[in-house]
Amino acid sequence: MTDFKKELNPLQYKAVIHPDGPLLIVAGAGSGKTRVLTYRIAHLTTRNISPSRILAVTFTNKAAGEMAKRVDKLVNAYVPVSTFHSFCLRVLRKENDRLPYADNFVVYDKSDQLTLIKDCMRRLNVSDKHTKPKMFANEFNHAKNKLITAGKFAEKINDYKKEVVANVYKEYEAALLKANAMDFDDLIMQCVLLFQNNSDILEKYQNKFDHMLIDEFQDTNFAQYTLAKLLVDKHKNICVVGDPDQSIYKFRGADIRNILDFEHDFKGADLITLEQNYRSTATVLNVANDIISNNKNRKEKKLWTENEEGEQICVYKAMDEHDEAEFVINHIREQMSGNPELSLNDIVVFHRIHALTRVFEDHFRRARMPHVILGDVGFYNRREIRDIVAYLRVIANQADDVNFKRIINTPHRGIGSTTQETLARYARSCNITLFEAAENAESVSNLSKAAQRKIVKFMQLIKGFCNAKSKLTTTELVKKVIDDINYIEKVCSSNDLQDRTRIENIKELISAAAEYDNTSEDEIPSIEGFLHEVALSSDIDNWNESEESVTLMTIHNAKGLEFPVVYIIGMEENLFPHYNSSDDPTDIEEERRLCYVGMTRAKKRLSLSCAYHRTVFGQRKVREPSRFLSEIPDEFIEVRISEHRDSFGAEEVPPVPKSKKSQNAKGGYSAGQRVVHSHFGNGKIESVTGKGDSARLTIQFDSLPNPKVLVAQYAKLRSLK
DNA sequence: CAGTCGACTATTTTT
DNA sequence: TAGTCGACTG
């Protein structure tokens, strides 16, 4: 049995063995927050509290899985750990008969949501000229995070814009219900509504759990906090862990007041503050402390450490983003060769926005440095995966109009937009789903005989799947769908790289289904269960941290992680802090917290970089170093300046050697000329538009199937003879 | 009906 | 720059 006292410091131990009642643990970065939570859960089980009577909630599925594993290791007990979303989904499925949704409801992700919103806008004749679908999505999400339903929203309209939003919101909610689908934020809101409207069910869950524990409490939103308050209302055995300085999800409705008000909401709550950092070197910690102390709106807290001073922070001022990438690669090599203990998976590159990874990926690939990029177009957002999953969704839930529309002509089967619109109009006039309309295709007089035939054939296919559903495992069904619709042959049969990766991805989807069939905690694995898992899975959940490669990810993804070597790139004004945050002081403070989170991930070595030039929206712009850089005292940093330039802010030295530059200046490119490109190799210029540096060259490279258009200034071409 | 071409717009961050 | 959307043509 674990000796809890021996493995924890006195404050951590106090938190772990704290008896019943509300407990707030304010835990600074690297102070052993997860450790405390894990040990506390483990400790509860030793107090004869059954694992199933503990409700533990973390921020990601990955963190949840890891915590469950660690508890198991400590006390040999399996305590299920959830995210708010997965917990709510489980409740909603279980208590389905109290909901207006049928039990096979699906979860809509962001892009399903946008499609549906566009539909609603079209139906209400709302132009997307000034009110973008995304804007509506944001409004709805925020409303749901505050538990404001469409009905409530409509009650407090004060201007025209709100009125439009209210109308679309109403239409959207109705459409969701009709499609038997919930969006992400519904999972929480519907669960809260369920509890609020059904006291017997609420009571059941209040009695089911003796203790509730919440990780990353600073990033909970109003709906989540309300849910927690409801659940623990009887026994008040709630333990929350968080750090206000690490609250970085305001855009998702996270409300820092949750943690600041906790002691007020739960009278008699105990507070334990953990301030000793075990993770980082003193230098890293000092720098992070200095940065965060610039936030005005914050509770004073100073982390300290007994760790060694460590090396200085490296700040690299690059010429441009290419130079920045080269620096990171070279620096990584330097670190690796001087340190045999170090492995590539000890190294991470953080960025504020995904767009920065493009250039890095290029350079990493060319340098043959193994790397993994998290996020951006995640696995389940790839077209081929979405296509197949759309079939599964319709098979599971025939009311799903959004996905029905997606699959009716994918792969092409001659059911074009005219036919689809006729079908949709028919469905609307009869107030039935597209699926039902398609079933009656033959009685829709506006459809041509040919169109009817094609729809009937398609419906036979789909109904075949629906009938097969109960007889097959998830894996078998996925395979059957892919085979029967001939997806690979019809959509990705060429031999180019893109199609080959598509096929790889499809294989991976089959593996994912197999994995679900084999390891799911669902009593009976089902296509619905698989779809729910898919809907709630995130990039970080699928990240394999033991792979021998450098990881690139956003700082938002880095929450709760730590790495020996950390790079933060793009430390420039309007990028970090981000442009959209630069005029609002509260937003700037959130950006600063984000910076703080990034820095405090580093155990040994932290490097920051910015570029003097960067191509933004395809245009080369002069950049200014981030204000955060100037918030670091000089004594902690070692500044390195790009060799391509003498001093920062001095006259720019051209990135390409003089000879090439002068050729550009002469406007020396002309059609028919043979050239060499560093990337694509030999090619022939087919045409030239414009002149000088901004000339656009259409070049047919020998290595590529199609011509490419490059801008002379950036193309870095060398003329042949 | 499907594929191509040009115009346009976009970058926060995610369960 | 690159990805998406709509118009146009075969």
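Every chain is numbered from 1, with letters handed out A, B, ... down the list of sequences.
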Heavy-atom nearest nucleotide on DNA chain B for A:Y249 versus A:S417: which residue maps closer to 5'? A:S417
Boundaries of the chain A footprint along DNA chain B (any atom under 4.0 Å from a heavy atom): B:dC1 to B:dT15
Whole-Å distance between C:dG3 P and A:N381 CG? 14 Å
Give a yes-or-no answer on whether the side chains of A:Y172 and A:D183 include a donor-acceptor pair shorter than 3.5 Å. yes
At under 4.0 Å between heavy atoms, what does A:N409 touch on the DNA or RNA strands: base, sugar-phosphate, or nothing? sugar-phosphate
When you match A:Q420 and A:D587 each to their closest nucleotide on DNA chain B, which lands nearer the 5' end? A:Q420
Does A:N557 reach a base, just sugar-phosphate, or nothing at all? Heavy atoms under 4.0 Å. sugar-phosphate
Between A:R386 and A:S111, do the side chains contain an N or O donor and an N or O acceptor separated by less than 3.5 Å? yes
Across the strands shown, which category fits A:T418 at heavy-atom distances under 4.0 angstrom: base, sugar-phosphate, nothing? sugar-phosphate
From A:L187 atom CG to A:Q224 atom CD, the distance as rounded to the nearest 0.5 Å: 11.0 Å
Within 45° of the six-membered ring axis of A:Y225 and under 6.0 Å from that ring's centre, is NZ or CZ of A:K229 located there? yes
Describe the nucleic acid contact of A:K110 in one word from base, sugar-phosphate, nothing, applying a heavy-atom distance below 4.0 Å. base
Which residue, A:R352, A:R627, A:R623, forms the salt bridge (Lys or Arg N to Asp or Glu O under 4.0 Å) with A:E572? A:R623
Need one value for A:T419: base, sugar-phosphate or nothing, where a base atom within 4.0 Å counts as base even if backbone is also close, heavy atoms only. sugar-phosphate
Give A:K132 one of three labels, base, sugar-phosphate or nothing, depending on what nucleic acid heavy atoms sit under 4.0 Å from its own. sugar-phosphate
Establish, yes or no, whether a centroid distance under 6.0 Å links the rings of A:F222 and A:H142. no
Tell me what A:Y579 touches on the nucleic acid: a base, only sugar-phosphate, or nothing, going by heavy atoms under 4.0 Å. nothing
Using a heavy-atom cut-off of under 4.0 Å over every strand shown, decide if A:K134 touches base, sugar-phosphate, or nothing. sugar-phosphate
Just checking A:K454: base, sugar-phosphate only, or nothing, at a heavy-atom cut-off of under 4.0 Å? nothing
Rounded distance in Å between the P positions of C:dT4 and B:dT13: 15 Å
Output side-chain donor-acceptor pairs under 3.5 Å for residues 80-89 of chain A, partner residues at least two apart or in another chain, one line each.
unit_1	atom_1	unit_2	atom_2	d
A:S82	OG	A:R90	NH2	3.0
A:T83	OG1	A:H85	N	3.4
A:T83	OG1	A:S86	N	3.0
A:T83	OG1	A:S86	OG	3.2
A:S86	OG	A:T83	N	3.0
A:S86	OG	A:T83	O	3.2

